[in-house]
Amino acid sequence: MAGRDVRPQRTGRRDGHGRDAVIAAALRAFWRSGFHGASIRDIAEEADMTAASLYHHFSNKQDILRSILVLTLQDVLAVTRVAVLRSGGSPAGQLSALTAAWVEFHAEHRVPALVSAAEMRYLDAADRSVVVALRDEQELMFRQVVEHGVETGAFGTPDPHHATRAIINMGTAVSSWFRPDGSLTVGEVGLVYARLALALVEARRA
């Protein structure tokens with residue numbers, strides 16, 4: 001996925017003139033102009049369809065934004081959940097795999113990550129609550145791994161709550177600076193941040 005700025009293709013047949021096309025077009029439009037600066041007409045033109053056709057898939061611009069945020073969060077939750085399950089039982093192994101997956105997602109899918117962070121404020125209360133619930137689920141995944149490490153003596157941090165927040169936030173920030181033609185590959189960045197995460201929780205050698 002390295003170097004791609006739009007969401008990964010989800011399971012199922014991809015319809016070039018359906019919802020996926022609208023979401024990809026909206027991501028580009030929101031990235032260029034922001035949520036308020038991009039009109040439905042702009043998004044429709046970017047998706048190579050009429051505004052009337054776009055309304056067959058989404059009721060309004062906020063509906064598109066909500067879908068972008070929800071799908072992006074669902075994707076990263078799936079990726080990080082698999083990483084933890086495949087990592088083995090040790091807290092250090094779980095945190096390393098979880099952090100690497102989190103960081104690599106934000107390096108590979110920069111535009112969805114940045115649009116989600118910048119434009120979430122434009123959601124109404126009901127839509128925002130859906131997104132916040134998904135974000136809380138992701139934070140809980142990190143927190144459970146860190147707290148388990150503290151409980152078992154694998155991690156020495158006296159403040160697992162703030163250590164967890166720091167790991168999440170430093171991973172999110174990767175989307176603001178990573179470039180696929182830079183000095184580090186996606187995988188290398190993931191490994192670097194996995195080591196930083198272990199340092200933050202004061203991981204103890206076995």
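Inter-residue side-chain proximity for L27 and W31 is flagged as unmet; no heavy-atom pair is nearer than 4.5 Å.
The aromatic ring centroids of H36 and Y122 lie less than 6.0 Å from each other. A distance below 6.0 Å separates the ring centres of F142 and W102.
When all heavy atoms of L77 and T80 are compared, the pair lying nearest together is O-OG1, 3.2 Å. Taking each heavy atom of S87 and Q94 in turn, the nearest pair found is OG-CG, 3.2 Å. When every heavy atom of L95 is checked against every heavy atom of V145, the shortest pair comes out as N-CG1, 3.7 Å. The shortest non-hydrogen separation linking P91 to H148 is CG-CD2, 3.7 Å. Residues L200 and T157 approach most closely at O-CB, 4.1 Å, considering heavy atoms. Across all non-hydrogen atoms, the minimal contact from G171 to V103 is CA-CG2, 3.8 Å.
Formation of a donor-acceptor pair under 3.5 Å by the K61 side chain with backbone atoms of A38 is found in this model. For the pair E104 (side chain) and G190 (backbone), a donor-acceptor distance under 3.5 Å is absent. Between the side chain of R204 and the main chain of A154, no donor-acceptor pair closer than 3.5 Å is present. Checking side-chain atoms of S33 against main-chain N and O of F30 turns up no donor-acceptor pair under 3.5 Å. The closest donor-acceptor contact from the side chain of R110 to the backbone of F178 lies under 3.5 Å. With S96 contributing its side chain and G93 its backbone, the two residues share no donor-acceptor pair below 3.5 Å. Of the possible donor and acceptor atoms, one in the side chain of T152 sits under 3.5 Å from a partner among the backbone N and O of G149.
In terms of the side-chain contact (heavy atoms from CB on, under 4.5 Å) criterion, residue partners of D127 (sequence neighbours excluded) are, by chain and number, Q62, R66, L123, D124. Under the rule for a side-chain hydrogen bond (donor to acceptor under 3.5 Å, both in side chains), the partners of E139 that lie at least two apart in sequence or sit in another chain are R165. With sequence neighbours left out, R128 forms a side-chain hydrogen bond (donor to acceptor under 3.5 Å, both in side chains) with no residue at all.
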Requested in this report: Walk me through it: do V146 and R143 pass the test side chain to side chain contact (heavy atoms under 4.5 Å, CB included)?
Outcome: CA-CA 5 Å; V146 172; R143 191 167 69 246; 5.8 Å; no

Query raised in the report: Does the side chain to side chain contact (heavy atoms under 4.5 Å, CB included) test come out yes or no for T164 and E147, once each step is laid out?
Result: CA-CA 9 Å; T164 298; E147 289 177 350; 5.9 Å; no

Report task. Show your working on salt bridge (charged side-chain N to carboxylate O under 4.0 Å, His left out) between E46 and R41 and close with a plain yes or no. Result -> CA-CA 8 Å; E46 185 79 32; R41 184 182 297 275; over 6 Å; no

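S39 and D42 are linked by a side-chain donor-acceptor pair at a separation below 3.5 angstrom, with hydrogens and angles left out of the test.
Atom CG in L73 sits 12.0 Å away from atom CD1 in I68 (nearest 0.5 Å).
Note on L140 and F155: separate hydrophobic clusters, where clusters join Ile, Leu, Val, Met, Phe, Trp and Tyr whose side-chain heavy atoms are under 4.5 Å apart, directly or indirectly. The cluster map of Ile, Leu, Val, Met, Phe, Trp and Tyr, joined by side-chain heavy atoms under 4.5 Å apart, puts V132 and L71 in the same cluster. Residues W177 and V115 are members of one and the same hydrophobic cluster, defined by side-chain heavy-atom contacts under 4.5 angstrom among Ile, Leu, Val, Met, Phe, Trp and Tyr. Under the 4.5 Å side-chain heavy-atom criterion for Ile, Leu, Val, Met, Phe, Trp and Tyr, F35 and Y55 are members of the same hydrophobic cluster. Linking Ile, Leu, Val, Met, Phe, Trp and Tyr residues whenever their side-chain heavy atoms come within less than 4.5 Å places V70 and M120 in a single cluster.
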